[in-house]
Amino acid sequence: MSDLALLLKNNSDIDIIALTETWLNDEWQNETIDLQGYRILRKDRQNSKRGGGVLLYVKDELSLQPLNTEFHNSNCEIVRGLIRIGTANCLIGCAYRPPNSTDEENFSLFHSITEMCVRHPNARLILVGDFNFPHIDWKSNVFPNSSKLLEKLLQDCLLQQHVLQPTRFDKILDLVLTSKIRASEIEIEHLPPLGKSDHDCPSIKLAASALDLI
């Protein structure tokens, strides 16, 4: 928490922070992880296995509608909300896919993301998270068999993936997926790992035009 507070002190223009593998559970109340000036959206791991969990910090002044209760798949580690900026709706989400996920778990997560896109077809989408697909060649868009469900998701929902540099050692594990946002309107910068993490922190900047009405 002290590292997060220092990050915000040095970068006061950060509107949203997305965290994966929070390791939170019911014993951790929001008051214990509060960041002044931000609302919390979180989804803790539901089973007894430790680890996992996702969280979004969203600036108080942003008009935020939490959406997790809108979806019925409680097993997926994904949290999402709808933000209204001017005349534009922006659908934001953070997901975590464990590296040992089964085909059934993969299908469940990707179906949940598809449902998100279908229910809010006119919203800009920004979905980030650790998807743990180390063998995809994102520069050539070559997907091994183990990631074909992700490839289908990108095609079905017309999603674009913007992270092209490694985020953990020599692998791209942390992704930024968008729809209705042009590549020229988004800038990705790799910040150093936070705390004891060994993942880079992708920093996302959106051009104002990305939030104009299409």
Side-chain angles (χ1 to χ4, degrees), residues 1-8 14-60 62-83 90-117 119-120 125-134 149-150 153 167-168 173-177 191 193-204:
M1 292 304 300
S2 60
D3 287 336
L4 274 177
L6 181 61
L7 175 68
L8 291 175
I14 293 177
D15 295 310
I16 300 168
I17 298 173
L19 301 177
T20 61
E21 294 192 81
T22 61
W23 288 38
L24 297 176
N25 55 40
D26 292 342
E27 297 178 5
W28 292 82
Q29 301 301 313
N30 282 352
E31 290 77 10
T32 62
I33 56 170
D34 182 61
L35 287 175
Q36 186 174 2
Y38 289 81
R39 293 178 62 185
I40 294 173
L41 295 181
R42 58 188 269 196
K43 177 69 179 295
D44 303 340
R45 180 166 285 179
Q46 299 299 301
N47 55 41
S48 59
K49 292 171 60 178
R50 75 170 188 166
V54 289
L55 184 150
L56 290 169
Y57 288 104
V58 181
K59 264 192 175 174
D60 286 338
L62 293 176
S63 175
L64 172 66
Q65 176 188 351
L67 293 181
N68 258 30
T69 56
E70 181 179 321
F71 303 93
H72 304 297
N73 198 327
S74 60
N75 294 324
C76 296
E77 293 186 39
I78 181 170
V79 64
R80 51 225 144 171
L82 193 65
I83 294 177
C90 190
L91 190 60
I92 60 169
C94 179
Y96 176 64
R97 174 193 168 270
N100 57 349
S101 294
T102 64
D103 288 343
E104 182 180 354
E105 289 168 335
N106 288 335
F107 179 83
S108 181
L109 174 61
F110 298 152
H111 176 75
S112 183
I113 295 171
T114 301
E115 186 182 15
M116 229 168 75
C117 298
R119 291 198 183 193
H120 299 274
L125 170 69
I126 305 174
L127 176 66
V128 303
D130 182 357
F131 285 81
N132 280 303
F133 283 114
L149 278 177
L150 177 61
L153 171 72
T167 61
R168 183 178 185 269
L173 302 183
D174 306 278
L175 308 181
V176 174
L177 308 177
L191 300 181
L194 194 67
K196 295 181 180 180
S197 173
D198 56 10
H199 290 241
D200 287 356
C201 295
S203 171
I204 305 163

Enter the distance from [X]:[atom1] to [Y]:[atom2] here, rounded to the nearest 0.5 Å.
| X | Y | atom1 | atom2 | value |
| --- | --- | --- | --- | --- |
| Asp3 | Ser197 | CG | OG | 10.5 Å |
| Ile17 | Leu35 | CD1 | CG | 6.0 Å |
| Leu62 | Leu82 | CG | CG | 11.5 Å |
| Glu21 | Arg45 | CD | CZ | 7.5 Å |
| Ile78 | Ser112 | CD1 | OG | 5.0 Å |
| Leu24 | Lys43 | CG | NZ | 13.5 Å |

State whether the side chain of [X] and the backbone N or O of [Y] hold a donor-acceptor pair below 3.5 Å, judged by distance alone.
| X | Y | result |
| --- | --- | --- |
| Thr114 | Phe110 | yes |
| Thr167 | His199 | no |
| Asp130 | Asn132 | yes |

- Task: Can you sort out the partners of Ser101 under side-chain contact (heavy atoms from CB on, under 4.5 Å), two or more places apart, ordered by chain and number?
- Result: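 Applying side-chain contact (heavy atoms from CB on, under 4.5 Å) to Ser101 gives Arg97, Pro98, Glu105, Asn106.
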- Query: Sequence neighbours excluded, which residues qualify as side-chain contact (heavy atoms from CB on, under 4.5 Å) partners of Asp198?
  - Reply: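 Asp198 satisfies side-chain contact (heavy atoms from CB on, under 4.5 Å) with Arg168, Phe169 only.
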Contact check, side chains of [X] and [Y], non-hydrogen atoms, under 4.5 Å:
| X | Y | answer |
| --- | --- | --- |
| Tyr38 | Ile16 | no |
| Asp44 | Trp28 | no |
| Leu67 | Leu91 | yes |
| Leu56 | Arg80 | no |
| Cys76 | His111 | no |
| Asp60 | Arg39 | yes |
| Leu55 | Ile33 | yes |
| Leu64 | Leu41 | yes |

- Query: For the residue pair Pro202 and Asp174, what are the closest heavy atoms and their distance?
  - Reply: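 Looking at all heavy atoms of both residues, the shortest contact is CG-CB, 4.3 Å.
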- Item | For Val128 against Ala18, the heavy-atom pair lying closest together |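 Nearest pair, atom of Val128 first, then Ala18: CG2-CB, 3.5 Å.
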- Task: With side-chain contact (heavy atoms from CB on, under 4.5 Å) as the test, would you mind laying out the steps for Val79 and Arg42 before giving the verdict?
- Result: CA-CA 6 Å; Val79 64; Arg42 58 188 269 196; 5.7 Å; no
- Out of Leu177, Leu150, Leu153, which residue meets the side chain to side chain contact (heavy atoms under 4.5 Å, CB included) rule with Ile113?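 Option passing the side chain to side chain contact (heavy atoms under 4.5 Å, CB included) with Ile113: Leu153.
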- Task: Start with the C-alpha distance between Leu19 and Cys94, add both sets of side-chain angles, then the distance that settles side-chain contact (heavy atoms from CB on, under 4.5 Å), and finish with yes or no.
- Result: CA-CA 7 Å; Leu19 301 177; Cys94 179; 5.9 Å; no
- Flag if over 12 foreign heavy atoms under 6.0 Å of CG, Asp103: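 It does not: Asp103 CG has 12 such atoms or fewer within range.
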- Applying side-chain contact (heavy atoms from CB on, under 4.5 Å), run through Leu4 and Met1 and close with a yes or a no. CA-CA 5 Å; Leu4 274 177; Met1 292 304 300; 4.2 Å; yes
